[in-house]
Amino acid sequence: MNENRTRHRSRITGMFLILAVAAAVLSGRLAYLMVFRSEYYSEKAEDLHQRERTIKAARGEIIDRNGQVIATNRTVCTVSVIHSQIQDPEEVIAVLSRELGVAEETVRARVEKRSSREIVKTNVDKTVGDAIRNMGLAGVKVDEDYKRYYPWDSLASRVLGFTGGDNQGIIGLEVEYEEYLKGTAGKILTMTDAAGIEIENAAEDRIEPVAGNDLYISLDVNIQKYAEQAASQVMEKKGAKQVSILVMDPRNGEILAMASVPEFHLNDPFSLPEGTETPADEKEEQDLLNRMWRNPCVSDTYEPGSTFKIITAAAGLEEGVVDLDDHFNCPGFRIVEDRKIRCHKTGGHGSETFLQGMMNSCNPVLIDVGQRLGVENYYKYFQQFGLMGKTGIDLPGEASTIMHQKEKMGAVELATVSFGQSFQITPVQLAATVSSIINGGTRITPHFGIRAVSADGSRIREFEYPEGERILSEETSATMRYILEQVVAEGSGKNAAIAGYRIGGKTATSEKLPRSLKKYISSFIGFAPADDPQVLALITIDEPEGIYYGGTIAAPVVADVFKNILPYLGIQAEEEETVSSFRIYG
C-alpha cells in the first residue's frame, strides 16, 4: 500500500514539474513577445484594422512652345465597395448598376466578394460620383481620381499618344516621358473594428500625392493645325491612302509639327474609325488599333526616290568627284552591267551640267556620280551622314534604315541607291539628314522634348541632345543650298516657289513594291529661306490617285504650308530677292 502511495505521489510530482516547466516556457515566451516583439505585433494588429486606398497623382501637363496646354487632366471618380461594411447589399447593387450603367450581375459579383475592397468602376464622371457619395450608402466608397484629357482631341495624336486606364502612357510622348509625367501616388489609411467596419471619428491618415512634371515641347499648335489641314486637303483631293507632313527647325532639330492624316481621337483612342468593318476577333481588332496608332513618320520606311539625290550630290561634292560645271549626257537611260536603267524623261535630257542634272532630277547624272564615288566611299558617307543608325528622336518605335550590305552591293545596286531606289529609310531620317546637309554641315537630333518642370516650378530639367558632329564642310553645305534653290527657282520643284521668298527643295516620285502594282509615293522636301534655312518641311503622299508626280502634287502643298507659317515665324517676304548675288566659296 505504501508502495502505491509512493508511486501516486511521484506521478503528481512529475506532472507538477511538467506543468511548472510549461508555465515557465509560456511565461518566458509571453515576456519575449511583449518586450522584444511588441512593436512587430503592434504593427501587425494595426495592419489588420487598417484599410488603404490609393490617391492617384495628377499627371503632368504637356505644353507646346507657346504655352498652349495640349494634354491635361480632368477630375473623375473611382467607385468601390467594401464587403464587410455593406448593410443593404440589394440597395447598393441596384443603385450602382443604375447610376454607373454597369450590368447588375457584374455589380453583384463585386458586392458579394469577400475582400478588403473591390473596384466597381473607374473614370466615373465627377457629377455621377458626387451623386453616389451624397446617397451615403454604407460600404460604398467614392474617391476622386484623374483622367487624361486632350483639349484638341485628334491634334498630333500619333505624337502625343495617350494613357490607359491606369493613367500610364501607352504610345507617343506620353510613354516616352512617362517617368517625368506620372507623379507619385498618395494614400488614405482608415481604421476598422474586428468586423472590418470603419470606426467613426477615428483619425484618417493621408499621404498626399505628388503631381507629375509638366512637359514643354517644341511642337507649335498653330503650325500643327496648318500641317494637318494641308495634309487633309490633299488626301481628300487625291484619294490618298495616307499623307504625312513633318516641319522642323534644321538648325537644332526641334520639330514644329508632325501630321499624319487621318489622325485618331485621343479622348477615345480605342474606337476604330467610322466605316471600319467589325473585327473578326480580339487579335484582328488589336492589329487594326496598332495600325491606327502607328506613326509613319517614325516607324515606317519607304523608298525616298529623288529626294535622296540630295545625299548623293552632297557626298559627290564633298569627296570632290563632281562639281557644278561638270558635263554629262543623258540619252534617257544608263546601261549598268546587264541593266538598262531609265530616266524619268524617256527621250533624255541631252547634254547638261551637274547643276542642270539636279534641277532636272536626272537619274543618269546621279548614277554617274554614284559610280564615281564607288561602294566604299558611298558607304563611308552613309555612315558619316548618320544614315546607318537611328536618328534618336524622342518617340518610341523608330525604325532603322534598310540598306544593302556593303559586300553585297554591286554596280547595279549602287546605281539604284544613287537616285533613291532599292533601299528604305524613314521620313524623319530623311528630314534629319537633309537638315544636317543644309544647316552648315552639322548633324542634328530631331526631337520634341524641351524641358520638364515640377508642378510648383521649383525643379526644372532641361533636355540636352548630342552635340552636332560635322558631317560635311560649310562649303559643300552652301553649294547644296544653292543647288536646291535652283531646283525650286527654275527646275522640277518650281511649284514650291513663293513670291518674295527664297525656297530650296527637291521633288520625288517613288514606285512602291511590288512595281507591278503601279503604286507611288509622291514627296517633296523644302526649306526656307534658302540662304539661311530656319524651317524645313517634308510631305509624303501615299498612293495618290490620278497624277502622282511629286513636283505636281507634293511641292504645292509645302508652298501652301510655307505661305502660312513663314510670316507666322517672323520670316518676312522681301520685295526684291534674287539669287544672283550667291557666291560659292573655296
Side-chain angles (χ1 to χ4, degrees), residues 71 74 76-79 96-110 119-125 128 145 147-175 228-229 231-245 258-302 395-397 399 512-514 517-521 540-546:
R74 276 188 170 174
V76 291
C77 296
T78 295
V79 179
L96 295 187
S97 177
R98 181 183 69 246
E99 297 295 326
L100 299 177
V102 177
E104 185 176 310
E105 57 268 27
T106 301
V107 179
R108 183 177 297 278
R110 302 284 193 277
I119 294 175
V120 179
K121 190 174 182 180
T122 60
N123 292 329
V124 176
D125 188 89
V128 175
D145 200 350
K147 180 182 180 181
R148 204 59 161 163
Y149 175 68
Y150 302 90
W152 303 96
D153 195 16
S154 62
L155 188 84
S157 59
R158 290 177 175 87
V159 172
L160 296 177
F162 56 90
T163 62
D166 56 2
N167 224 21
Q168 287 187 321
I170 292 181
I171 66 168
L173 295 174
E174 290 280 23
V175 70
E228 288 187 14
Q229 183 180 31
S232 296
Q233 287 174 348
V234 73
M235 183 173 181
E236 183 178 352
K237 183 179 179 181
K238 297 301 297 180
K241 181 179 177 182
Q242 189 172 62
V243 180
S244 296
I245 297 178
M258 185 180 280
S260 295
V261 296
E263 301 277 355
F264 64 89
H265 296 289
L266 289 170
N267 293 312
D268 189 18
F270 291 92
S271 292
L272 293 167
E274 288 185 17
T276 304
E277 290 186 15
T278 304
D281 50 36
E282 288 185 7
K283 182 181 182 302
E284 184 181 346
E285 182 180 16
Q286 190 59 56
D287 288 344
L288 290 170
L289 286 171
N290 290 339
R291 203 177 307 159
M292 181 178 76
W293 299 335
R294 190 177 179 88
N295 187 338
C297 289
V298 174
S299 301
D300 290 351
T301 59
Y302 76 114
L395 283 176
K512 297 176 69 173
L513 296 172
L517 294 178
K518 299 296 179 182
K519 300 288 187 180
Y520 299 88
I521 293 179
T540 57
I541 306 171
D542 191 4
E543 297 186 13
E545 295 177 356

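On a predicted model such as this, the values are computed, not experimentally measured, just so you know.
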| Taking only residues two or more places apart in sequence, or in another chain, which ones meet Tyr520 in a ring-ring contact (aromatic ring centres under 6.0 Å, His included)? | Tyr548
| What residues form a salt bridge (Lys or Arg N to Asp or Glu O under 4.0 Å) with Arg74, not counting sequence neighbours? |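 For Arg74, no residue satisfies salt bridge (Lys or Arg N to Asp or Glu O under 4.0 Å) once neighbours in sequence are set aside.
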| said: If the condition is salt bridge (Lys or Arg N to Asp or Glu O under 4.0 Å), which residues does Arg108 pass it with, not counting sequence neighbours? | reply: Glu90, Glu104, Glu112
| task | For side chain to side chain contact (heavy atoms under 4.5 Å, CB included), just list the numbers for Glu99 and Val79, CA-CA rounded to whole Å, side-chain angles, deciding distance to a tenth of an Å, and then say yes or no. | result | CA-CA 11 Å; Glu99 297 295 326; Val79 179; over 6 Å; no
N/O donor-acceptor pair under 3.5 Å between [X] side chain and [Y] backbone:
| X | Y | answer |
| --- | --- | --- |
| Arg110 | Ile119 | yes |
| Ser97 | Val102 | yes |
| Ser299 | Gly397 | yes |
| Lys147 | Val76 | no |
| Arg158 | Val261 | no |

| said: For a quick test of reading the model, state the closest non-hydrogen atom pair linking Tyr150 to Phe162 and the distance between them. | reply: OH-CA, 3.0 Å
| note | Shortest non-hydrogen pair, Trp293 vs Pro269, comes out as NE1-O, 3.0 Å
| request: Run through Ile541, Asp542, Ile521 and flag the one making a side chain to side chain contact (heavy atoms under 4.5 Å, CB included) with Lys241. | output: Asp542
Find out whether [X] and [Y] are in side-chain contact, i.e. whether some heavy atom of one side chain is under 4.5 Å from a heavy atom of the other.
| X | Y | answer |
| --- | --- | --- |
| Lys238 | Val243 | no |
| Pro296 | Thr540 | no |
| Ser260 | Asn295 | yes |
| Lys512 | Glu543 | yes |

| query | Is the shortest distance from a Lys or Arg side-chain nitrogen in Lys283 or Asp287 to a carboxylate oxygen in the other one below 4.0 Å? | reply | yes
| Over 12 foreign heavy atoms within 6.0 Å of CD, Gln286 | yes
Under the rule for side chain to side chain donor-acceptor pair (under 3.5 Å), what residues qualify as partners of [X], not counting sequence neighbours?
| X | result |
| --- | --- |
| Lys519 | none |
| Asp281 | none |
| Tyr302 | none |

| message | Looking only at side-chain N and O atoms, does Ser154 offer a donor or acceptor that is under 3.5 Å from a partner on Glu263? | response | no
| message | What's the separation between atom CD in Glu228 and atom CG in Leu155, rounded to the nearest 0.5 Å? | response | 4.5 Å
| said: As an exercise, state the distance from CD1 of Ile245 to CD of Gln229, rounded to the nearest 0.5 Å. | reply: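 With rounding to 0.5 Å, CD1 (Ile245) is 10.0 Å from CD (Gln229).
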